[in-house]
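Below, chain A is the first sequence line, B the second, and so on; all start at residue 1. For the numbers below, each heavy atom of this structure counts, side chains included, while hydrogens, waters and symmetry mates do not.
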Amino acid sequence: MNWQSDANEKFTAFAPTLERWYQRHKRDLPWRHTRDPYRIWLSEIILQQTRVAQGRPYYERFVEAFPTVADMARAEERELLRLWQGLGYYSRARNLHQTARYIADDLGGQFPDTYTKLLKLKGIGVYTAAAIASFAFGERVPVVDGNVYRVLARVFGIAEDITTTGARKTFAALAMRLIAFAEDPAEYNQAIMEFGAIQCTPVSPDCLLCPLQQQCRAFLTGQQHKLPVKAKKAPVKQRFFNYLVFRNGNQLAMRARTAKDIWLQLYDFYLIETDEPTEALRDLVVPTASESLVQTGAPARFPETGQQLLSHQRIDAKFWLIDVPDTQKNGLPEGLQWYTPEEIGRLPKPVLITAYLQQKFG
DNA sequence: AAAGCGGGGTT
DNA sequence: AACCCAGCTTT
(Lines give C-alpha, C1' and ligand atoms only; values in the text may rest on other atoms or scores of the structure.)
Protein backbone atom coordinates (compact mmCIF):
# COMPACT_ATOMS: atom_id res chain seq x y z
CA MET A 1 0.00 0.00 0.00
CA ASN A 2 1.56 3.29 -1.03
CA TRP A 3 0.95 6.77 0.36
CA GLN A 4 -1.30 7.66 -2.51
CA SER A 5 -3.86 4.95 -1.92
CA ASP A 6 -3.74 5.82 1.77
CA ALA A 7 -4.58 9.40 0.97
CA ASN A 8 -7.27 8.30 -1.41
CA GLU A 9 -8.86 6.06 1.19
CA LYS A 10 -8.91 8.97 3.59
CA PHE A 11 -10.87 11.07 1.10
CA THR A 12 -13.35 8.39 0.09
CA ALA A 13 -14.09 7.17 3.61
CA PHE A 14 -14.47 10.60 5.22
CA ALA A 15 -18.06 11.42 4.22
CA PRO A 16 -19.52 7.93 4.71
CA THR A 17 -17.89 7.69 8.13
CA LEU A 18 -19.50 10.94 9.23
CA GLU A 19 -22.84 9.92 7.74
CA ARG A 20 -22.78 6.73 9.81
CA TRP A 21 -21.76 8.66 12.93
CA TYR A 22 -24.62 11.09 12.33
CA GLN A 23 -27.23 8.34 12.14
CA ARG A 24 -26.36 7.37 15.70
CA HIS A 25 -25.72 10.77 17.25
CA LYS A 26 -27.93 13.36 15.64
CA ARG A 27 -30.04 15.58 17.84
CA ASP A 28 -33.75 15.94 17.28
CA LEU A 29 -34.12 19.54 16.12
CA PRO A 30 -37.30 21.18 14.80
CA TRP A 31 -35.86 22.25 11.44
CA ARG A 32 -34.81 18.67 10.76
CA HIS A 33 -38.45 17.67 10.34
CA THR A 34 -39.13 19.79 7.30
CA ARG A 35 -37.97 20.25 3.73
CA ASP A 36 -39.88 23.48 3.37
CA PRO A 37 -37.24 25.88 1.99
CA TYR A 38 -38.87 28.78 3.84
CA ARG A 39 -38.46 27.11 7.21
CA ILE A 40 -34.96 25.89 6.42
CA TRP A 41 -34.01 29.39 5.30
CA LEU A 42 -35.49 30.86 8.49
CA SER A 43 -33.58 28.40 10.67
CA GLU A 44 -30.31 29.04 8.86
CA ILE A 45 -30.55 32.81 9.19
CA ILE A 46 -31.34 32.48 12.90
CA LEU A 47 -28.41 30.12 13.40
CA GLN A 48 -25.79 32.37 11.79
CA GLN A 49 -23.18 32.99 14.49
CA THR A 50 -25.71 31.65 16.97
CA ARG A 51 -25.75 28.47 19.01
CA VAL A 52 -28.54 25.99 18.46
CA ALA A 53 -29.69 26.31 22.07
CA GLN A 54 -29.98 30.08 21.76
CA GLY A 55 -31.64 30.13 18.35
CA ARG A 56 -34.15 27.35 18.84
CA PRO A 57 -36.81 29.25 20.82
CA TYR A 58 -36.61 32.11 18.32
CA TYR A 59 -37.21 29.64 15.49
CA GLU A 60 -40.29 28.29 17.25
CA ARG A 61 -41.69 31.79 17.79
CA PHE A 62 -41.04 32.86 14.19
CA VAL A 63 -42.68 29.76 12.72
CA GLU A 64 -45.67 30.36 14.97
CA ALA A 65 -45.91 34.04 14.02
CA PHE A 66 -45.12 33.57 10.32
CA PRO A 67 -45.93 30.03 9.11
CA THR A 68 -45.24 30.92 5.46
CA VAL A 69 -43.10 33.35 3.52
CA ALA A 70 -46.30 35.20 2.56
CA ASP A 71 -47.12 35.74 6.24
CA MET A 72 -43.68 37.17 6.83
CA ALA A 73 -43.94 39.38 3.77
CA ARG A 74 -47.18 40.90 5.06
CA ALA A 75 -45.69 41.85 8.43
CA GLU A 76 -44.00 45.13 9.31
CA GLU A 77 -40.24 45.17 9.69
CA ARG A 78 -40.74 46.37 13.26
CA GLU A 79 -42.63 43.18 14.13
CA LEU A 80 -39.72 41.05 12.93
CA LEU A 81 -37.23 43.16 14.85
CA ARG A 82 -39.36 42.85 17.99
CA LEU A 83 -39.42 39.05 17.65
CA TRP A 84 -35.70 39.11 16.93
CA GLN A 85 -35.02 41.19 20.04
CA GLY A 86 -32.12 39.83 22.07
CA LEU A 87 -30.70 37.64 19.32
CA GLY A 88 -28.25 40.21 17.94
CA TYR A 89 -26.96 41.00 14.45
CA TYR A 90 -30.24 42.72 13.65
CA SER A 91 -29.43 43.12 9.96
CA ARG A 92 -30.40 39.45 9.77
CA ALA A 93 -33.99 40.33 10.65
CA ARG A 94 -34.09 43.29 8.28
CA ASN A 95 -32.71 41.18 5.43
CA LEU A 96 -35.11 38.36 6.29
CA HIS A 97 -37.99 40.76 5.86
CA GLN A 98 -36.69 42.23 2.59
CA THR A 99 -36.09 38.80 1.12
CA ALA A 100 -39.50 37.52 2.24
CA ARG A 101 -41.14 40.44 0.43
CA TYR A 102 -39.00 39.85 -2.66
CA ILE A 103 -39.94 36.16 -2.81
CA ALA A 104 -43.63 36.75 -2.10
CA ASP A 105 -44.09 39.79 -4.33
CA ASP A 106 -41.59 39.35 -7.18
CA LEU A 107 -41.17 35.58 -7.38
CA GLY A 108 -44.81 34.69 -6.80
CA GLY A 109 -43.94 32.93 -3.55
CA GLN A 110 -41.69 30.46 -5.34
CA PHE A 111 -38.48 29.94 -3.36
CA PRO A 112 -35.23 30.02 -5.42
CA ASP A 113 -34.08 26.41 -5.67
CA THR A 114 -30.39 26.37 -6.59
CA TYR A 115 -27.20 27.40 -4.83
CA THR A 116 -26.46 30.07 -7.44
CA LYS A 117 -29.91 31.64 -7.26
CA LEU A 118 -30.01 31.51 -3.47
CA LEU A 119 -26.66 33.29 -3.26
CA LYS A 120 -28.17 36.38 -4.87
CA LEU A 121 -30.64 36.92 -2.02
CA LYS A 122 -30.03 39.46 0.72
CA GLY A 123 -28.63 37.94 3.86
CA ILE A 124 -27.63 34.71 2.12
CA GLY A 125 -23.91 34.10 1.67
CA VAL A 126 -21.96 31.02 0.61
CA TYR A 127 -22.69 29.04 3.76
CA THR A 128 -26.44 29.67 3.86
CA ALA A 129 -26.89 29.17 0.11
CA ALA A 130 -25.21 25.76 0.39
CA ALA A 131 -27.25 24.85 3.45
CA ILE A 132 -30.61 25.63 1.85
CA ALA A 133 -29.65 24.16 -1.52
CA SER A 134 -28.65 20.85 0.05
CA PHE A 135 -31.20 20.54 2.88
CA ALA A 136 -34.24 21.65 0.91
CA PHE A 137 -33.34 20.66 -2.64
CA GLY A 138 -30.71 17.93 -2.30
CA GLU A 139 -28.04 19.82 -4.25
CA ARG A 140 -24.54 18.39 -3.84
CA VAL A 141 -22.83 21.53 -2.55
CA PRO A 142 -20.79 21.58 0.67
CA VAL A 143 -21.47 23.80 3.66
CA VAL A 144 -18.39 25.38 5.21
CA ASP A 145 -19.19 26.88 8.59
CA GLY A 146 -17.17 27.25 11.78
CA ASN A 147 -17.67 23.57 12.60
CA VAL A 148 -16.46 22.46 9.19
CA TYR A 149 -13.33 24.63 9.40
CA ARG A 150 -12.49 22.99 12.69
CA VAL A 151 -13.12 19.39 11.59
CA LEU A 152 -11.24 19.74 8.31
CA ALA A 153 -8.35 21.67 9.86
CA ARG A 154 -7.87 18.88 12.38
CA VAL A 155 -8.45 15.79 10.26
CA PHE A 156 -6.33 17.09 7.37
CA GLY A 157 -3.85 19.02 9.48
CA ILE A 158 -4.39 22.38 7.83
CA ALA A 159 -2.69 25.20 9.72
CA GLU A 160 -3.68 28.11 7.48
CA ASP A 161 -5.35 31.04 9.25
CA ILE A 162 -9.04 30.45 8.54
CA THR A 163 -9.80 34.18 8.52
CA THR A 164 -7.83 34.68 5.30
CA THR A 165 -9.20 34.49 1.79
CA GLY A 166 -6.55 31.97 0.76
CA ALA A 167 -7.53 29.57 3.51
CA ARG A 168 -11.20 29.91 2.67
CA LYS A 169 -10.43 28.76 -0.85
CA THR A 170 -8.37 25.86 0.45
CA PHE A 171 -11.17 24.65 2.70
CA ALA A 172 -13.88 25.19 0.09
CA ALA A 173 -11.93 23.13 -2.43
CA LEU A 174 -11.32 20.33 0.06
CA ALA A 175 -14.98 20.35 1.11
CA MET A 176 -15.98 20.07 -2.55
CA ARG A 177 -13.78 17.01 -3.03
CA LEU A 178 -15.12 15.35 0.12
CA ILE A 179 -18.83 15.77 -0.56
CA ALA A 180 -18.39 13.87 -3.84
CA PHE A 181 -18.21 10.66 -1.79
CA ALA A 182 -21.26 11.36 0.36
CA GLU A 183 -24.20 9.03 -0.05
CA ASP A 184 -26.64 11.85 0.72
CA PRO A 185 -25.29 15.41 0.43
CA ALA A 186 -27.91 16.86 2.79
CA GLU A 187 -27.23 14.22 5.44
CA TYR A 188 -23.50 14.62 5.04
CA ASN A 189 -23.65 18.42 5.44
CA GLN A 190 -25.72 18.03 8.60
CA ALA A 191 -23.36 15.31 9.75
CA ILE A 192 -20.12 17.25 9.53
CA MET A 193 -21.61 20.25 11.33
CA GLU A 194 -23.17 18.10 14.03
CA PHE A 195 -19.87 16.29 14.40
CA GLY A 196 -18.08 19.60 14.92
CA ALA A 197 -20.72 20.76 17.36
CA ILE A 198 -20.82 17.75 19.69
CA GLN A 199 -17.74 15.57 19.05
CA CYS A 200 -14.92 17.59 17.48
CA THR A 201 -15.54 20.53 19.82
CA PRO A 202 -13.32 23.63 20.07
CA VAL A 203 -12.06 22.71 23.54
CA SER A 204 -11.61 19.13 24.77
CA PRO A 205 -12.71 17.26 21.66
CA ASP A 206 -13.74 13.67 22.36
CA CYS A 207 -10.87 12.10 20.44
CA LEU A 208 -10.88 8.83 22.36
CA LEU A 209 -14.28 7.89 20.97
CA CYS A 210 -13.79 9.44 17.56
CA PRO A 211 -14.52 7.41 14.42
CA LEU A 212 -11.89 9.42 12.53
CA GLN A 213 -9.23 9.00 15.19
CA GLN A 214 -6.81 6.98 13.07
CA GLN A 215 -7.26 9.26 10.06
CA CYS A 216 -6.95 12.48 12.02
CA ARG A 217 -3.71 14.30 11.41
CA ALA A 218 -4.21 16.47 14.50
CA PHE A 219 -4.87 13.50 16.80
CA LEU A 220 -1.96 11.50 15.45
CA THR A 221 0.40 14.41 16.08
CA GLY A 222 -1.26 15.70 19.26
CA GLN A 223 -2.18 19.05 17.72
CA GLN A 224 -5.97 19.06 18.31
CA HIS A 225 -5.89 22.09 20.57
CA LYS A 226 -3.81 24.12 18.08
CA LEU A 227 -6.24 23.74 15.19
CA PRO A 228 -7.86 25.50 13.54
CA VAL A 229 -5.59 28.55 13.40
CA LYS A 230 -7.54 31.77 13.68
CA ALA A 231 -6.22 35.34 13.84
CA LYS A 232 -6.99 37.28 17.00
CA LYS A 233 -9.81 39.72 16.87
CA ALA A 234 -9.47 43.47 17.27
CA PRO A 235 -9.75 44.66 20.89
CA VAL A 236 -13.15 45.87 22.00
CA LYS A 237 -13.86 49.55 21.73
CA GLN A 238 -15.07 51.42 24.80
CA ARG A 239 -18.00 53.80 24.33
CA PHE A 240 -19.90 56.10 26.70
CA PHE A 241 -23.62 56.61 26.14
CA ASN A 242 -25.49 59.31 28.05
CA TYR A 243 -29.24 58.90 27.75
CA LEU A 244 -31.70 61.65 28.57
CA VAL A 245 -34.93 59.81 29.32
CA PHE A 246 -37.70 62.34 28.85
CA ARG A 247 -40.89 61.42 30.67
CA ASN A 248 -44.33 63.00 30.55
CA GLY A 249 -46.85 61.29 32.77
CA ASN A 250 -46.40 57.61 32.01
CA GLN A 251 -45.02 58.21 28.53
CA LEU A 252 -41.35 58.10 27.52
CA ALA A 253 -39.69 59.74 24.52
CA MET A 254 -38.06 57.17 22.22
CA ARG A 255 -36.81 56.98 18.66
CA ALA A 256 -35.58 54.40 16.18
CA ARG A 257 -31.81 54.48 15.66
CA THR A 258 -30.90 55.57 12.15
CA ALA A 259 -27.10 55.81 12.30
CA LYS A 260 -25.09 53.22 10.38
CA ASP A 261 -23.99 51.86 13.67
CA ILE A 262 -25.12 49.29 16.16
CA TRP A 263 -28.83 48.62 16.67
CA LEU A 264 -30.05 50.15 13.41
CA GLN A 265 -33.87 50.53 13.57
CA LEU A 266 -34.03 49.55 17.23
CA TYR A 267 -35.50 52.03 19.72
CA ASP A 268 -33.67 53.91 22.43
CA PHE A 269 -33.77 57.34 24.09
CA TYR A 270 -32.23 60.73 23.40
CA LEU A 271 -28.52 59.96 23.27
CA ILE A 272 -25.42 62.07 23.77
CA GLU A 273 -22.26 60.05 23.25
CA THR A 274 -19.05 61.25 24.89
CA ASP A 275 -15.39 60.24 24.73
CA GLU A 276 -15.13 60.03 28.51
CA PRO A 277 -17.57 58.99 31.21
CA THR A 278 -19.87 61.79 32.38
CA GLU A 279 -20.30 62.18 36.12
CA ALA A 280 -22.99 64.83 36.38
CA LEU A 281 -25.67 66.10 34.04
CA ARG A 282 -24.18 69.60 34.16
CA ASP A 283 -20.96 68.23 32.66
CA LEU A 284 -22.85 67.12 29.60
CA VAL A 285 -22.93 69.44 26.62
CA VAL A 286 -26.62 69.40 25.78
CA PRO A 287 -27.52 70.45 22.22
CA THR A 288 -29.80 73.47 21.82
CA ALA A 289 -32.63 71.27 20.59
CA SER A 290 -33.10 69.75 24.03
CA GLU A 291 -31.69 72.48 26.29
CA SER A 292 -35.02 73.86 27.43
CA LEU A 293 -36.40 70.38 28.08
CA VAL A 294 -33.55 69.67 30.42
CA GLN A 295 -33.79 73.02 32.18
CA THR A 296 -37.55 73.06 32.71
CA GLY A 297 -37.64 69.39 33.58
CA ALA A 298 -36.68 67.92 36.90
CA PRO A 299 -33.67 65.74 36.29
CA ALA A 300 -32.68 63.19 38.85
CA ARG A 301 -29.45 64.16 40.57
CA PHE A 302 -27.81 60.78 39.99
CA PRO A 303 -28.19 58.70 36.85
CA GLU A 304 -28.95 55.00 36.61
CA THR A 305 -26.05 53.09 35.12
CA GLY A 306 -25.96 50.22 32.70
CA GLN A 307 -23.34 48.25 30.85
CA GLN A 308 -23.46 46.09 27.79
CA LEU A 309 -20.66 43.96 26.51
CA LEU A 310 -20.78 43.20 22.80
CA SER A 311 -18.16 41.20 20.96
CA HIS A 312 -16.67 44.36 19.47
CA GLN A 313 -17.72 47.16 21.84
CA ARG A 314 -18.12 47.75 25.53
CA ILE A 315 -20.81 50.30 26.26
CA ASP A 316 -21.11 52.15 29.52
CA ALA A 317 -24.45 53.89 29.74
CA LYS A 318 -25.96 56.44 32.08
CA PHE A 319 -29.65 57.26 32.14
CA TRP A 320 -30.95 60.58 33.43
CA LEU A 321 -34.70 60.53 33.89
CA ILE A 322 -36.13 63.99 33.18
CA ASP A 323 -39.76 64.87 33.83
CA VAL A 324 -41.10 67.15 31.12
CA PRO A 325 -44.05 69.39 32.05
CA ASP A 326 -47.10 69.41 29.80
CA THR A 327 -46.22 72.91 28.59
CA GLN A 328 -43.03 71.53 27.01
CA LYS A 329 -44.21 68.16 25.72
CA ASN A 330 -44.54 69.29 22.11
CA GLY A 331 -40.94 70.44 22.02
CA LEU A 332 -39.20 67.08 21.61
CA PRO A 333 -36.03 67.03 19.49
CA GLU A 334 -36.31 65.70 15.94
CA GLY A 335 -37.12 62.01 15.73
CA LEU A 336 -38.30 61.50 19.30
CA GLN A 337 -41.89 60.50 19.98
CA TRP A 338 -43.91 59.84 23.11
CA TYR A 339 -44.83 56.22 23.78
CA THR A 340 -47.01 54.63 26.44
CA PRO A 341 -45.69 51.63 28.37
CA GLU A 342 -47.85 49.30 26.25
CA GLU A 343 -46.44 50.75 23.05
CA ILE A 344 -42.90 50.56 24.39
CA GLY A 345 -43.42 46.88 25.09
CA ARG A 346 -44.02 46.32 21.39
CA LEU A 347 -41.01 48.32 20.19
CA PRO A 348 -37.81 46.46 19.29
CA LYS A 349 -35.12 47.52 21.73
CA PRO A 350 -31.49 46.67 22.50
CA VAL A 351 -30.93 44.49 25.56
CA LEU A 352 -29.33 47.51 27.28
CA ILE A 353 -32.56 49.49 26.98
CA THR A 354 -34.82 46.59 27.94
CA ALA A 355 -32.72 46.02 31.05
CA TYR A 356 -32.95 49.69 32.04
CA LEU A 357 -36.72 49.76 31.57
CA GLN A 358 -37.08 46.61 33.61
CA GLN A 359 -34.87 47.87 36.41
CA LYS A 360 -36.37 51.36 36.56
CA PHE A 361 -40.04 50.77 35.82
CA GLY A 362 -40.51 47.06 36.49
C1' DA B 1 -8.48 42.52 2.58
C1' DA B 2 -10.33 44.43 6.64
C1' DA B 3 -13.78 46.19 9.51
C1' DG B 4 -18.32 46.20 11.52
C1' DC B 5 -22.21 43.96 13.44
C1' DG B 6 -25.00 41.07 19.31
C1' DG B 7 -25.56 38.58 22.61
C1' DG B 8 -24.87 34.62 25.37
C1' DG B 9 -22.63 30.24 26.75
C1' DT B 10 -18.32 27.78 28.05
C1' DT B 11 -13.96 27.19 29.85
C1' DA C 1 -10.96 37.20 30.26
C1' DA C 2 -10.84 34.77 25.96
C1' DC C 3 -13.03 32.08 22.77
C1' DC C 4 -16.72 30.67 19.96
C1' DC C 5 -21.19 30.24 17.77
C1' DA C 6 -25.17 26.38 11.20
C1' DG C 7 -21.75 34.37 8.73
C1' DC C 8 -22.94 38.45 5.86
C1' DT C 9 -22.31 43.08 4.18
C1' DT C 10 -19.90 47.23 3.54
C1' DT C 11 -15.80 49.81 2.97
For A:L244, the option from A:L271, A:L284, A:L293 that meets side chain to side chain contact (heavy atoms under 4.5 Å, CB included): A:L284

What's the gap between C:dA6 and B:dT11 when it is taken at their P atoms, as a whole Å value? 14 Å

Rounded to whole Å, the CD1-C1' distance (A:I46 to C:dG7) equals 14 Å

Among A:K237, A:Q238, A:R239, which residue satisfies the side-chain hydrogen bond (donor to acceptor under 3.5 Å, both in side chains) criterion with A:Q313? A:R239

Interatomic distance, A:R314 CZ vs C:dA2 C1' [rounded to whole Å]: 15 Å

Is A:V52 touching bases, backbone alone, or none of the nucleic acid, heavy atoms closer than 4.0 Å? sugar-phosphate

Quick one, give me the B/S/- string for nucleotides 3-11 of chain B, reading 5' to 3', where B means a protein heavy atom under 4.0 Å from the base and S means that only happens at the primed atoms, P, OP1 or OP2. --BBBBB-S

Rounded to whole Å, NZ of A:K232 lies from C1' of C:dC3 at a distance of 9 Å

Could you tell me the separation between the OG1 atom of A:T99 and the CD1 atom of A:I45, rounded to the nearest 0.5 Å? 7.5 Å

Taking the basic N atoms (NZ, or NE/NH1/NH2) and the acidic carboxylate oxygens, is any pair closer than 4.0 Å for A:R257 and A:D268? yes

Give me the distance, rounded to whole Å, that separates B:dG6 from C:dT11 when you measure between the P atoms they each carry. 15 Å

When the distance from CZ of A:R56 to C1' of C:dA6 is rounded to whole Å, what number comes out? 15 Å

Atom CG of A:D145 and atom C1' of C:dA6 are separated, to the nearest Å, by 5 Å

Round to a whole Å and report the spacing from CD1 of A:I162 to P of C:dA6. 13 Å

Taking OP1 and OP2 of C:dC5, is either one under 4.0 Å from a side-chain nitrogen or oxygen of A:R150? yes

In whole Å, what is the span from the CD atom of A:E44 to the P atom of C:dA6? 11 Å

Within this structure, what is the CG-to-P distance between A:N95 and C:dT9, rounded to whole angstrom? 6 Å

I want to confirm an ordering. Mapping A:T128 and A:P228 to their closest nucleotides on DNA chain C, which one lands closer to the 5' end? A:P228

Nearest-nucleotide wise, let me know which of A:K230 and A:G125 is further upstream toward the 5' end of DNA chain C. A:K230

In whole Å, measure the gap between the C1' atoms of C:dC4 and B:dC5 for me. 16 Å

Under a 4.0 Å threshold between the charged nitrogen and the carboxylate oxygen, would A:K26 count as salt-bridged to A:E194? no

With heavy atoms under 4.0 Å as the rule, sort A:W31 into base, sugar-phosphate or nothing. base

Span that lies between the P atom of B:dG8 and that of C:dT9, in whole angstrom: 24 Å

Tell me, please, whether A:Y356 has A:K349 positioned over its six-membered ring: NZ or CZ under 6.0 Å from the ring centre and within 45 degrees of its axis? no

Return yes if some donor-acceptor pair links the side-chain N/O of A:R140 with the main-chain N/O of A:A182 below 3.5 Å, else return no. yes

